[in-house]
Amino acid sequence: MKILVAIKQVPDTATAVKVGSDSKQIDTTGITWIVSPYDEFAVEEALRIKEKRGQGEVVAVTVGPDRAKEALRSTLAMGCDRAIHVNDAALTGADTLTTARALAAVVKQEAPQLVLTGRQAIDDDMGAVGAQLAEVLGWPCASWIMEETVDADAKTVRVGRQVEGGLEIFELPLPAVLSAQKGLNEPRYPTLKGIMGAKKKEIKDLKAADLGLGALTPELSITTLEALPARPPGRIIQGETKDAVKELVRALREDAKAI
Amino acid sequence: MAGAFWCVVEDDRKGMPKKVMAEVLGEAARLGGPVEALWLTDKASEDGLKQLGGWGATKVWLLENAGLAPYRGEVWVPPVAELAAKESPKAILAPVTSRQREFMARLAAKLGVGLAADSVALARDGDKLVATRPVYAGKLLSKVTWAKAPYLATLRPNVFKPADAQAGKSAAVERPSLTIPPPQMKLVERREEVSTGLPELTEAEIVLSGGRGMKGPENYVILEELGGIIGAAVGASRAAVDAGWRPHRFQIGQTGRTISPKLYMGFGVSGAIQHLAGMRTSKVIVAVNKDAEAPIFKIADYGIVGDLFEVVPELTKEFKRLLEK
């Protein structure tokens, strides 16, 4: 069974981000980059499916600039067999639909039986690419999955989709697109052997033209990126617990009118 | 701008729209309307239709079919795309819920238009619409605009001003004839979560959150007791969830739920960036922590440097006293 995992390289959560000089993108100086955490759940799940079946291939794919190769290398160190890097200046600042179309073109070339991805990338938090990829391909899709089992014949997959108030268990015919929610698994750390082995694994570079992508005009564009306005300074309420609590409740009711 | 603002209805699966729809319909009206609801359901109720009218919908596009529940993207998208092609709405808005996030993304792909997910503000710019979205763990705000209509956006709950319910107002109900495709996905079962009896985290107006300072799973009962009195949901930080003290569905933060309540109260929560990402758009933030250096105090409106095991019972007592008055 061939599984494609779509990942994105994003700034580490703890890293400071500043608005760049064009006010549309971030200033990337000094940023620590990681594989988006939800995508790691997707990679882990793909590897577990392969291991359980005792055969198959897991291919990682990303759309991103040169630096994104490092993220692909991390997934190879975790155990992916090979990787595909869609790297084209024409895709800089691509919106989710453009990314989904590029990934769909890769899916058509690779013909996997399953595509896994994270529920959202933690940079722009749009959470749309997985579902849009399914739509472009005309495949069924389950988002925010918490559990997954592929049947023995690799014809269907049973998933638990997280919804408000519960979990919906669905059976989907393959091929399908699934997006991983936290709780699906605990991603492994690459071993030293994995890291060394990753250097020898293939990363194929693709340009937009290799994928037959036509004009790449985004449907959604960033007009400005700005820092979050600072919250007004807060107030530390001093005093004995009892008095402090009384004052807090009074302030919440009378000043803030929050309760 | 020609065309209407469609508001996709999120319902309680029992024929009633959820109250977050008052926010979506209210925002559509504020942006100039016309305000129309789009409801895909297996069974709508008369009260539900009245409710949508009361919240300002002048028309309800009702797609009522057994195949529409539970939500499946492959079944929902084709009829809505067909209707949109016929009616040319100028915008399609939905609240952020797990299914609406997927549905709106698929619909945007089908229509070949942009989607602004998890928006916290919308503004008219002439004929255009501009959405504001928190990005990079909520550290930055991104303003986005669409190349063409319909403008698709999902709206973060508790951020937009809800429409006032007006009795006597009603919406015209249209039942368009559309093709509902058969589903490929089969529902096997639905596992309900054990109800805490408290509001749902993303919908609650007040959220209490317990972090590592809670010391163990057994202590959340003091937050639940306080929550029961003031009608608050109880959430947790990643540290507490990763320690196995609370199920993941209660996690607030980057790899959990994003909330925006009127009042957030953190107890023993340090305020790591990934937690702030999920709650920093809360209107009023209260922090209770023994450590005066905890980063959460930097964004808190009110803070008490102290032991939560003393503060929480006092809060419970104080609110009880006020309620009895």
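Chain letters run A, B, ... following the sequence lines, proteins first and then strands; every chain starts at 1. Just so it is clear, the structure is predicted and the values come from calculations on it, not from any experiment.
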Is B:Q274 close to chain A through its backbone or its side chain, or both, or neither, when contacts mean heavy atoms under 4.5 Å? both

Quick one: CZ on A:F170 to CD on B:Q184, what's the gap to the nearest 0.5 Å? 12.5 Å

Regarding B:R99 and A:E168, does a basic nitrogen lie under 4.0 Å from an acidic carboxylate oxygen? no

Tell me, side chain or backbone of B:Q251 under 4.5 Å from chain A's heavy atoms, or both, or neither? side chain

So which of A:Q238, A:R101, A:K18, A:Q181 has the biggest tally of heavy-atom pairs under 4.5 Å with chain B? A:Q181

So, for B:S142 and A:I222, which heavy atoms are closest and what is the spacing to 0.1 Å? OG-CG1, 3.8 Å

Nearest atoms (heavy-atom pairs only) where A:Y38 meets B:G256: OH-N, 3.7 Å

Does B:E293, at its CD atom, have more than 12 non-hydrogen atoms belonging to other residues, nucleotides or ligands within less than 6.0 Å? no

Is a side-chain N or O of A:E226 found less than 3.5 angstrom from the main chain of B:L141, in a donor-acceptor match? no

Would the number of heavy atoms belonging to other residues, nucleotides or ligands and lying under 6.0 Å from NZ of B:K18 be above 12? yes

Which atoms of B:A300 are under 4.5 Å from chain A, going by heavy atoms: the side chain, the backbone, both sets, or neither? backbone

Salt bridge present between A:K182 and B:D242 (N-O < 4.0 angstrom): yes

Just give me the residue among B:T202, B:V130, B:I206, B:I285 that pairs up with chain A most often, heavy atom to heavy atom, under 4.5 Å. B:I285

Working to the nearest 0.5 Å, report the span between CD of A:E164 and CZ of B:R13. 10.0 Å

Just so I understand: if I count every heavy-atom pair under 4.5 Å between each of B:K317, B:E310, B:K262 and chain A, which residue has the most? B:E310

Should B:L115 and A:L220 count as side-chain neighbours, where that means a heavy-atom distance under 4.5 Å? no

Select, from A:G165, A:A134, A:A258, the one with the greatest count of heavy-atom pairs under 4.5 Å involving chain B. A:G165

Please identify, among B:V288, B:V77, B:V188, B:V135, the residue contributing the most non-hydrogen atom pairs under 4.5 Å to chain A. B:V188

Among B:V305, B:D118, B:T97, who wins on heavy-atom pairs under 4.5 Å with chain A? B:T97

When you compare the side chain of A:L248 with that of B:M265, does any pair of heavy atoms fall below 4.5 Å? yes

Residue, of B:R72, B:R101, B:E74, that accumulates the most heavy atom pairs under 4.5 Å with chain A: B:R101

Got a second to check how far A:E219's CD is from B:Y151's OH, nearest 0.5 Å? 11.0 Å

Between B:E102 and A:S143, which heavy-atom pair has the shortest distance, and what is it? OE1-OG, 2.6 Å

Here the gap from A:K246 atom NZ to B:L315 atom CG, rounded to the nearest 0.5 Å, amounts to 11.0 Å

Smallest separation among heavy atoms of B:K283 and A:R231, with atom names: O-NH2, 2.9 Å

So what's closer than 4.5 Å to chain A heavy atoms on B:Y71: side chain, backbone, both or neither? both

Polar side-chain atom of B:R133 near backbone of A:D124 as donor-acceptor pair, under 3.5 Å: yes

Taking atom CZ of A:R253 as the centre, does the number of heavy atoms from other residues, nucleotides or ligands within less than 6.0 Å exceed 12? no

Among A:I26, A:T217, A:V136, A:D95, which residue has the highest count of heavy-atom pairs closer than 4.5 Å to chain B? A:I26

Under a 4.5 Å heavy-atom cut-off, does chain B meet the side chain of A:P11, its backbone, both or neither? side chain

Of B:E192, B:M104, B:R191, the largest count of non-hydrogen pairs under 4.5 angstrom with chain A goes to B:R191

Contact origin within B:R280 toward chain A - heavy atom pairs under 4.5 Å: both

So with a 6.0 Å cut-off around CD of B:E193, is the heavy-atom count from everything else above 12? yes

With chain B, the option among A:C141, A:A16, A:A128, A:G183 that has the most non-hydrogen atom pairs under 4.5 Å is A:C141

Selection from A:L97, A:D123, A:D125, A:V10 maximising heavy-atom pairs under 4.5 Å formed with chain B: A:D123

Please look at B:T196 and chain A and tell me whether the side chain, the backbone, both or neither of the residue comes under 4.5 angstrom of a heavy atom of that chain. neither

Could you tell me which portion of B:V284 (side chain, backbone, both or neither) has an atom closer than 4.5 angstrom to a non-hydrogen atom of chain A? both

Rounded to the nearest 0.5 Å, the OG1 atom of B:T154 sits from the CE atom of A:M126 at a distance of 8.5 Å

Where is the tightest heavy-atom contact between B:A147 and A:P218, given as atom of each residue plus distance? CB-O, 3.7 Å

Where does B:V194 contact chain A at under 4.5 Å (heavy atoms): side chain, backbone, both or neither? neither

Report yes or no: does B:K139 contribute a side-chain atom to a donor-acceptor pair with the main-chain N or O of A:T13 at less than 3.5 Å? yes

Will you find, in the side chains of B:E314 and A:T241, an N or O donor that is under 3.5 Å from an N or O acceptor? no

Considering only heavy atoms and a distance below 4.5 Å, find which of A:L252, A:V17, A:I122 pairs most often with chain B. A:I122

Considering only heavy atoms, which portion of A:A100 lies under 4.5 Å from any heavy atom of chain B: side chain, backbone, both, or neither? neither

Under 3.5 Å: donor-acceptor pair, side chain of B:R249, backbone of A:V163: no

How long is the gap from CD on B:E189 to CD1 on A:I169, to the nearest 0.5 Å? 5.0 Å

Turns out that what part of A:T96 lies under 4.5 Å from chain B's heavy atoms comes down to neither

Which heavy atom in A:Q132 sits nearest to a heavy atom in B:A108, and how many Å separate them? NE2-CB, 3.6 Å

For B:L152, is it the side chain, the backbone, both, or neither that has a heavy atom closer than 4.5 Å to a heavy atom of chain A? neither

Atom group of B:E318 that falls short of 4.5 Å from chain A, counting heavy atoms: side chain

